[in-house]
Amino acid sequence: MAIEFEMTEIGLMSYYLGIQVAQRKDVIFISQGEYAKKILKKFEMENCNPVSTPVEYGVKISKHGDGDRVNPIFFKSLIGSLRYLSCTMPDILFGVGLLSRFMETPTTSHLKVAKRILRYFKGTLDYGIHYSSSKESKFVGYCDSN
């Protein structure tokens with residue numbers, strides 16, 4: 001590519017579109033802790049109490065959720081921010097996908113579930129995805145089902 005385009009060497013990438021990148025010899029770690037802090041501040045949740053799971057067990061939400069309607073523009077902004085945070089936090093994908101179904105007419109019950117995901121971020125700001133160059137790879141997953 002250097003033959004075709006003018007390029008300069010500026011070193012290893014450390015930050016890209018809100019994603020922090022820590023590169024070592026055989027490890028790459030990506031996270032969005034700083035972006036998550038900005039989102040917590042934007043939605044006035046920076047002083048909230050953290051929770052250990054992104055979605056409460058057994059939560060049921062419907063199209064015509066309980067409570068008053070909330071501003072759909074505010075709710076869409078929140079869901080869009082959560083979608084971007086899911087790039088490095090795949091554990092929130094279920095909750096964000098569930099909430100994405102209700103962006104047309106969100107209610108306070110939908111907002112409550114979204115705010116729980118923000119509370120989850122409060123306790124997991126240092127989480128991210130760890131890539132290793134080892135020859136031995138292992139995929140670990142957990143499931144809570146009956």
Side-chain angles (χ1 to χ4, degrees), residues 7-146:
M7 301 175 86
T8 58
E9 178 65 40
I10 58 173
L12 295 175
M13 179 173 46
S14 62
Y15 195 80
Y16 181 73
L17 295 176
I19 299 174
Q20 297 156 264
V21 182
Q23 299 182 52
R24 306 286 184 272
K25 182 180 177 187
D26 57 349
V27 173
I28 297 174
F29 181 75
I30 61 172
S31 65
Q32 290 178 294
E34 292 301 315
Y35 180 72
K37 286 178 188 175
K38 288 179 186 178
I39 297 306
L40 288 169
K41 186 173 182 176
K42 177 180 178 181
F43 295 103
E44 300 175 0
M45 296 286 290
E46 65 265 17
N47 295 320
C48 66
N49 294 325
V51 293
S52 60
T53 58
V55 179
E56 189 177 347
Y57 175 76
V59 69
K60 302 252 190 269
I61 52 177
S62 64
K63 183 174 183 179
H64 306 291
D66 298 334
D68 298 330
R69 291 197 176 181
V70 297
N71 183 350
I73 294 171
F74 173 82
F75 191 75
K76 288 176 186 178
S77 175
L78 175 56
I79 297 302
S81 298
L82 292 175
R83 280 213 170 274
Y84 190 67
L85 279 167
S86 70
C87 294
T88 60
M89 298 285 287
D91 49 347
I92 67 162
L93 280 172
F94 171 76
V96 175
L98 184 67
L99 288 171
S100 295
R101 300 176 194 170
F102 308 106
M103 288 198 299
E104 186 176 322
T105 55
T107 63
T108 53
S109 64
H110 302 132
L111 185 60
K112 181 181 173 186
V113 175
K115 285 188 173 185
R116 180 175 175 99
I117 296 174
L118 288 175
R119 289 176 58 207
Y120 175 72
F121 278 121
K122 177 73 175 183
T124 59
L125 291 172
D126 58 340
Y127 283 22
I129 298 178
H130 179 266
Y131 295 101
S132 175
S133 65
S134 72
K135 301 291 183 205
E136 183 182 315
S137 61
K138 176 173 53 172
F139 183 75
V140 179
Y142 299 95
C143 180
D144 181 19
S145 65
N146 292 331

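Count residues from 1 along the sequence.
- Contact annotation: the side chain of Y84 approaches that of L17 to within less than 4.5 Å [non-hydrogen atoms, C-beta and beyond].
- Proximity of V96 to L99: side-chain heavy atoms (C-beta onward) are nowhere separated by under 4.5 Å.
- Around CZ of F74, the count of heavy atoms belonging to other residues, nucleotides or ligands within 6.0 Å exceeds 12.
- A pairwise comparison of heavy atoms in P106 and P72 identifies CG-CA, 3.9 Å as the closest pair.
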Candidate pair L78 and L118, rule side-chain contact (heavy atoms from CB on, under 4.5 Å), full reasoning: CA-CA 9 Å; L78 175 56; L118 288 175; 3.6 Å; yes

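- Contact detail for G95 and I117: the closest heavy-atom pair is C-CD1, 3.9 Å.
- Between the CG atom of L93 and the OG atom of S86 there is a distance of 4.5 Å, given to the nearest 0.5 Å.
- The nearest pair of heavy atoms linking I129 to P90 is CD1-CD, 4.3 Å.
- Checked by atom type, the side-chain pair Y127/D91 shows no donor-acceptor distance below 3.5 Å.
- In this view, T88 and I19, I30, Q32 satisfy the side-chain contact (heavy atoms from CB on, under 4.5 Å) rule, not counting sequence neighbours.
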Using a 3.5 Å cut-off and no angle test, enumerate the donor-acceptor pairs between side-chain atoms of residues 37-55 and protein atoms at least two apart in sequence or in another chain.
residue, atom, partner, partner atom, Å
K37, NZ, E34, OE2, 3.4
K42, NZ, S77, OG, 3.1
T53, OG1, R116, NH2, 2.8

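- Counting heavy-atom neighbours within 6.0 Å of K122 NZ, excluding the residue itself, gives a total above 12.
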Using the side-chain contact (heavy atoms from CB on, under 4.5 Å) rule, take L82 and F121 through it: C-alpha gap first, then chi angles, then the decisive distance, then the call. CA-CA 10 Å; L82 292 175; F121 278 121; 3.7 Å; yes

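- Taking the six-membered ring for Trp and thresholds of 30 and 60 degrees, F75 and H110 have ring planes inclined between 30 and 60 degrees apart.
- When all heavy atoms of Y120 and M89 are compared, the pair lying nearest together is CE2-CE, 3.9 Å.
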